[in-house]
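Side-chain atoms are counted along with the backbone in the values below, which use heavy atoms only and exclude waters and symmetry mates.
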Amino acid sequence: MHDQSSTPSGGAAPELFTWEFATDPYPAYAWLRENSPVHRTKLPSGVEAWLVTRYADARQALADQRLSKNPAHHAEPAHAKGKTGIPGERKAELMTHLLNIDPPDHTRLRRLVSKAFTPRRVAEFAPRVQALTDHLIDGFAERGEADLIHEFAFPLPIYAICEMLGVPREDQDDFRDWAGMMIRHGGGPRGGVARSVKQMRTYLGELIHRKRDDLGDDLISDLIRASDHGDHLTEGEATAMAFILLFAGFETTVNLIGNGVHSLFMNPGQRERLQNSLAAGESGLLATGVEELLRYDGPVELATWRFATEPLTLGGERVETGDPVLVVLAAADRDPERFADPDTLDLSRADNQHLGYGHGIHYCLGAPLARLEGQTALATLLTRLPDLELSVPPQDLRWRGGLIMRGLRTLPVRFTAQNTCAGSDQKSDPA
């Protein structure tokens with residue numbers, strides 16, 4: 001798509017949303033930060049929107065309550081609204097989740113969900129994430145080669161969030177199929193994403209209905225139990241929240257792992273630092289390293305949609321009522337006004353208030369789980385497969401072309417084949 005927007009000095013605006021752009025958007029974002037930091041453009045869907053690329057403006061926009069998350073505030077005709085969210089979520093009656101609502105409803109729902117999705121619950125889940133990670137690596141370690149996206153980065157968060165939600169083991173492969181269709185972003189059959197969303201919504205609704213009569217020790221049961229001064233989640237709200245925890249939780253983690261491994265391949269000195277640190281039994285560099293990988297080439301390129309509820313000025317530009325605003329997290333997190341040497345990967349970067357998980361009231365609720373999965377996945381890969389390397393030239397890798405997320409389609413790797421000893425519980429684990 002050609003960007004037809006007029007721009008100030010600095011030459012012609014770079015072409016956005018091409019395949020070349022998807023491979024490496026950072027030079028274009030640097031141009032926008034310098035020359036047109038709040039930039040009006042036409043997106044591939046035909047919707048016109050403002051792109052916010054500087055860190056200070058991005059942080060302001062993410063916390064500005066005049067920018068609503070509710071698509072009802074979009075100024076374009078109703079037919080365009082389906083182009084600004086998850087395909088099929090409106091028809092599937094899944095709109096009442098945290099990504100689509102504002103205070104006071106957002107405040108109420110987030111408070112209730114936070115009672116169920118606690119850091120303590122995530123911490124208690126750490127051994128299971130480790131077991132899933134090892135099981136998936138066991139599945140390809142003897143071959144000496146793998147596609148790290150399809151065989152590792154993709155199934156790990158799917159099975160993890162399914163187990164946290166309380167999806168029975170025999171149903172988890174259905175979730176893997178539905179999620180696989182959703183992550184393809186148009187690469188599958190026409191209407192496939194919306195169909196998968198509807199199937200997932202139907203299943204979750206039925207599961208929640210069944211669990212009301214038999215509450216267990218899982219996230220869906222906790223969502224049903226959650227109450228505050230007599231207030232509780234309706235069945236529809238619980239279904240929408242379970243859906244968004246899965247939808248928002250799995251693709252971001254797929255990309256965190258995939259992009260993270262790719263960044264380490266492209267920066268062998270930093271990878272060696274991390275491997276030496278892990279070999280020494282240290283965890284500090286792993287923790288700061290995952291945060292740096294989130295900043296450097298994170299899983300969420302643009303924050304989800306916002307719509308102006310009144311005229312406002314952002315980065316010197318007048319944004320009119322109803323205008324869509326997209327905060328470009330990938331651009332803000334490489335702003336030299338905020339980060340020293342922003343285009344350099346430094347796993348020990350200390351001053352790293354990146355926006356990879358957002359900012360303000362919509363800060364990612366699942367950040368502790370994503371951190372746990374990212375740290376576990378990277379540490380285990382680098383420890384168990386120390387000579388892991390790309391098996392194709394870097395220029396042959398293809399990035400998915402979705403608007404919000406940034407991630408690789410495949411990540412083919414090779415390594416020294418290893419014999420694996422089957423654990424006692426592996427036969428019952430998802431493969």
Side-chain angles (χ1 to χ4, degrees), residues 1-3 14-31 41 43-45 51 86-87 136 139-140 143-158 176-193 196 247 250-268 271 293-302 326 328-331 333-334 343 345 356 374 377-378 381 385 388-415:
M1 185 214 88
H2 289 273
D3 186 352
E15 199 170 0
L16 305 178
F17 312 118
T18 63
W19 289 112
E20 294 78 12
F21 170 84
T23 298
D24 182 10
Y26 296 103
Y29 289 149
W31 190 98
T41 191
L43 303 173
S45 64
L51 302 180
I86 301 166
L136 290 167
F140 55 77
R143 293 207 321 266
E145 62 179 14
D147 173 1
L148 278 189
I149 300 299
H150 292 282
E151 297 182 72
F152 183 67
F154 172 70
L156 175 60
I158 284 290
R176 182 173 178 164
D177 292 342
W178 296 330
M181 182 61 67
M182 290 158 65
I183 204 172
R184 280 198 254 177
H185 295 307
R190 184 176 177 82
V193 176
S196 293
F247 183 84
F250 89 86
E251 190 172 3
T252 51
T253 307
V254 175
N255 295 345
L256 168 57
I257 297 168
N259 297 7
V261 172
H262 175 261
S263 294
L264 293 175
F265 283 155
M266 298 299 102
N267 295 270
R271 174 204 173 147
L293 292 168
L294 281 159
R295 182 201 68 81
Y296 180 77
D297 196 14
V300 184
E301 191 165 341
L302 282 72
L326 289 165
V328 187
L329 305 178
D333 279 343
R334 291 213 190 183
D343 295 319
L345 182 70
L378 289 173
L381 275 175
L385 309 175
L388 188 73
E389 64 178 7
L390 264 179
S391 59
V392 299
Q395 62 270 22
D396 288 354
L397 295 173
R398 293 291 174 264
W399 296 79
R400 290 195 300 274
L403 183 67
I404 301 296
M405 300 290 185
R406 172 165 171 78
L408 287 159
R409 292 175 179 268
T410 61
L411 188 57
V413 297
R414 61 188 168 216
F415 46 88

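- Side chains of L411 and L390 form a contact here, defined as non-hydrogen atoms less than 4.5 Å apart.
- The distance from the CG atom of L345 to the CG atom of N267 is 4.5 Å, given to the nearest 0.5 Å.
- For R334 (side chain) and Y296 (main-chain N/O), a donor-acceptor pair under 3.5 Å exists by modelled atom type.
- Between L302 and L403, the shortest heavy-atom distance links the atoms CD1-O, 3.4 Å.
- Considering CD of E251 and CZ of R400, their distance stands at 5.0 Å, rounded to 0.5 Å.
- In this structure, the side chain of S391 engages the main chain of P412 through a donor-acceptor pair within 3.5 Å.
- Between R406 and the choices D24, D333, D297, the salt bridge (Lys or Arg N to Asp or Glu O under 4.0 Å) rule is met once, by D297.
- Considering CH2 of W399 and CH2 of W19, their distance stands at 13.0 Å, rounded to 0.5 Å.
- Under the 6.0 Å cut-off for aromatic ring centres, Y29 and F21 qualify, their centroids lying closer than that.
- Atom OG1 of T252 and atom CE of M405 lie 5.5 Å apart (nearest 0.5 Å).
- Counting only heavy atoms from C-beta outward, the side chains of T410 and H150 approach each other to under 4.5 Å.
- In this structure, L148 and L408 have side chains that are not in contact, with every pair of non-hydrogen atoms separated by 4.5 Å or more.
- Taking both residues in full, the closest heavy atoms of F415 and A146 are given as CE2-N, 4.3 Å, listed atom of the first, atom of the second, then distance.
- Heavy-atom minimum distance, W31 versus P14: CE3-CD, 3.3 Å.
- Counting heavy atoms from C-beta on, the side chains of D147 and F140 never come closer than 4.5 Å.
- In terms of heavy atoms, L293 sits closest to S263 at CD2-CB, 3.7 Å.
- Using a 4.5 Å heavy-atom cutoff, the side chains of V413 and L385 are not in contact.
- The shortest side-chain heavy-atom distance between L156 and T253 does not fall under the 4.5 Å cut-off.
- To the nearest 0.5 angstrom, F152 atom CZ is 6.5 Å from L136 atom CG.
- Taking each heavy atom of P394 and M266 in turn, the nearest pair found is CG-CE, 3.8 Å.
- Here the options are L256, V261, N255, I257, the test is side chain to side chain contact (heavy atoms under 4.5 Å, CB included), and the partner is N259; only N255 passes.
- In this structure, CG on L16 lies 9.0 Å from CG on L43, to the nearest 0.5 angstrom.
- Closest of all the heavy-atom pairs between G258 and I149 is CA-CD1, 3.9 Å.
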